[in-house]
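Quick note on labels: first sequence line is chain A, next is B, and so on, each numbered from 1.
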Amino acid sequence: MEERIYLDHAAAMPVHPGVARFCRQFPDGFAGNPSTIYREGLQAQEAVATARERVAALVGTSAPDSIIFTSGATESNNIAIRGAALRNRKFGKRVVASATEHISVLNPAKDIQKGGFALTLAPVDRFGTIDLDALAAAVTPGTVITSIHHANNEIGTIQPIREVSAIVHEQGGLLHVDATDAAGRIPIDVERDGIDLLTLSGNQLGGPDGVGALYIRPGVRVQPVLVGGGQERGLRPGTENVFAIACMGEAARLAGEEMAGESKRLAAIRDRLIAGITGIEEAYLTGHPEERLPHHASFRFSRIEGESIQLAMDMLGIAVATGSACTSRTLEASHVLLAIGLAHAEAHGSMVATLGRRNSMDEVPRIVGAVGETVKRLRAITPL
Amino acid sequence: MADQIGYSQKVMEHFMNPHNVGVIENPDGYGKVGNPVCGDIMEIFIKVKDDVIEDIRFRTFGCGSAIATSSMVTDMARGKTLEEALKITRDDVATELEGLPPKKMHCSNLAADALHAAIEDYREKQKKE
Ligand code: FES
């Protein structure tokens with residue numbers, strides 16, 4: 001059997017071997033509630049504090065206290081949007097988000113409409129880049145929070161966050177950036193980039209699942225979504241998940257250390273993949289050709305459907321993702337692919353490959369060959 | 001399993017090596033249906049002799065389940081009389097495939113509908129002649 005090739009790092013990242021080593025070295029029998037003052041408690045406190053510093057360093061803030069730990073990106077996005085909108089509703093009751101945000105941003109943004117907030121979705125162009133003029137028109141003086149992801153997980157497009165920040169701050173509102181897919185892959189500097197709230201996922205940094213973080217610029221007021229014992233400055237009550245938090249901290253440290261080299265390595269593989277796959281008949285790149293995540297290659301193929309591409313690739317030993325309606329829970333076409341202007345039938349034939357540290361240049365010919373074979377096979381069956 | 005999403009061995013066999021793929025030139029009956037749920041398309045061609053489906057072919061634009069059910073329904077209909085073929089339901093197709101994930105049952109509708117449409121088409125043509 002040929003080795004499997006895993007190309008769905010956007011869905012789940014294998015834990016970085018360095019992080020796994022760190023986790024294994026966690027002292028046997030480690031116990032300790034960071035809210036206690038005996039030695040075990042202080043050790044736990046110390047572990048969380050170290051992790052906080054490491055995550056803070058990754059996103060360019062010198063204030064570790066501006067980081068709170070959560071259960072993952074979904075929770076961070078919920079706290080950011082609901083928490084900031086509700087706490088600052090005197091400022092205004094409009095929320096703006098890009099049309100291509102992750103569902104864990106779109107859904108809380110839609111949900112708070114029940115509380116009297118209005119939501120505007122800002123359009124993107126055909127490459128998935130936010131339309132800055134349209135954004136400037138959407139962000140009104142009463143726009144309390146604007147949420148624009150740093151980069152998109154389906155098409156890889158990186159947003160011009162500094163320009164976005166200038167537009168948002170001209171009206172005095174807050175900017176939330178979901179950096180789940182960008183962190184650890186491209187440099188992020190919350191201070192220089194002018195970001196008020198920033199979402200991070202532990203797993204997407206190479207850490208474990210079930211942990212994430214939210215950066216909240218000092219001075220920005222957010223109200224809790226959960227209430228309880230007051231941990232994490234009252235914004236994320238409940239005893240800290242010390243083990244997972246510490247491991248996420250280590251993942252952030254390693255990501256920061258390895259980012260420059262690893263991103264360069266992956267970008268070279270990505271470019272080869274894109275060149276090879278777009279050489280297939282009626283195969284097109286989706287997302288931005290240059291402003292895209294270094295590990296991200298996404299495509300669409302005319303006249304065939306994505307789930308069948310995914311299944312056929314799986315049979316050939318390769319795991320890829322698709323945004324096809326047939327694979328979604330709701331059987332609806334991907335909102336991202338529709339937002340970049342694809343017709344429903346075009347959005348059907350999407351395939352996404354996201355690279356990680358175990359992928360190598362040597363795999364490219366096999367991947368391109370498998371895609372070519374799959375496309376040919378499925379086109380032979382299609383009535384279109 | 002209520003929220004099973006993986007496919008049975010049988011589905012994968014038919015998906016990887018679908019039977020009866022292709023077109024029949026000048027078919028006796030032709031049916032084409034679109035899936036209102038997810039937007040997929042399936043077409044079936046039949047050749048009929050003495051009220052029996054002698055040859056049958058399909059082409060499908062759709063998910064793994066849609067391709068496997070097309071393959072299965074054409075296998076099931078081949079050699080049957082039109083009456084018998086009309087009785088094939090989506091549940092029969094799913095059963096023959098050792099089950100489909102609940103979310104994917106609508107794809108087997110498509111296969112049965114395309115078959116029925118092809119038979120209808122044949123009968124319409126007969127009336128005219
Ligand atoms: S054809 Fe779309 S889900 Fe099966």
Legend entry - chain A contact via B/Ile41 - side chain, backbone, both or neither, heavy atoms under 4.5 Å: both

Legend entry - Per-residue contact mode, A/Leu311 against chain B (heavy atom under 4.5 angstrom): both

Inset, instruction - Answer whether the closest heavy-atom distance between the side chains of A/Leu378 and B/Phe61 falls below 4.5 Å. - result: no

Inset, instruction - Quick one: pull up OG1 in A/Thr327 and NZ in B/Lys104 and give me the separation to the nearest 0.5 Å. - result: 7.0 Å

Legend entry - Pairwise distance NE2(A/His348) to SG(B/Cys63) - rounded to 0.5 angstrom: 8.0 Å

Inset, instruction - Could you tell me which portion of A/Arg303 (side chain, backbone, both or neither) has an atom closer than 4.5 angstrom to a non-hydrogen atom of chain B? - result: backbone

Inset, instruction - Quick one: pull up CG in A/Leu384 and OG1 in B/Thr60 and give me the separation to the nearest 0.5 Å. - result: 10.0 Å

Legend entry - Between OG1 on residue A/Thr382 and CD on residue B/Glu43, distance to nearest 0.5 Å: 8.5 Å

Legend entry - Pairwise distance CG(A/Leu316) to CE(B/Met16) - rounded to 0.5 angstrom: 5.5 Å

Inset, instruction - Please look at A/Ser324 and chain B and tell me whether the side chain, the backbone, both or neither of the residue comes under 4.5 angstrom of a heavy atom of that chain. - result: neither

Legend entry - More than 12 heavy atoms of other groups within 6.0 Å of A/Lys376 NZ: no

Inset, instruction - Quick one: pull up CD1 in B/Ile67 and CZ in A/Arg377 and give me the separation to the nearest 0.5 Å. - result: 7.5 Å

Legend entry - Among A/Ala380, A/Ser308, A/Pro383, residue most engaged with chain B (heavy-atom pairs, under 4.5 Å): A/Pro383

Inset, instruction - Could you tell me whether the side chain of B/His106 reaches within less than 4.5 Å of the side chain of A/Leu331, counting heavy atoms only? - result: yes

Legend entry - Over 12 foreign heavy atoms within 6.0 Å of CZ, A/Arg126: no

Inset, instruction - Against chain A, label B/Ser70 side chain, backbone, both or neither, depending on which of its atoms sit under 4.5 Å from a heavy atom there. - result: neither

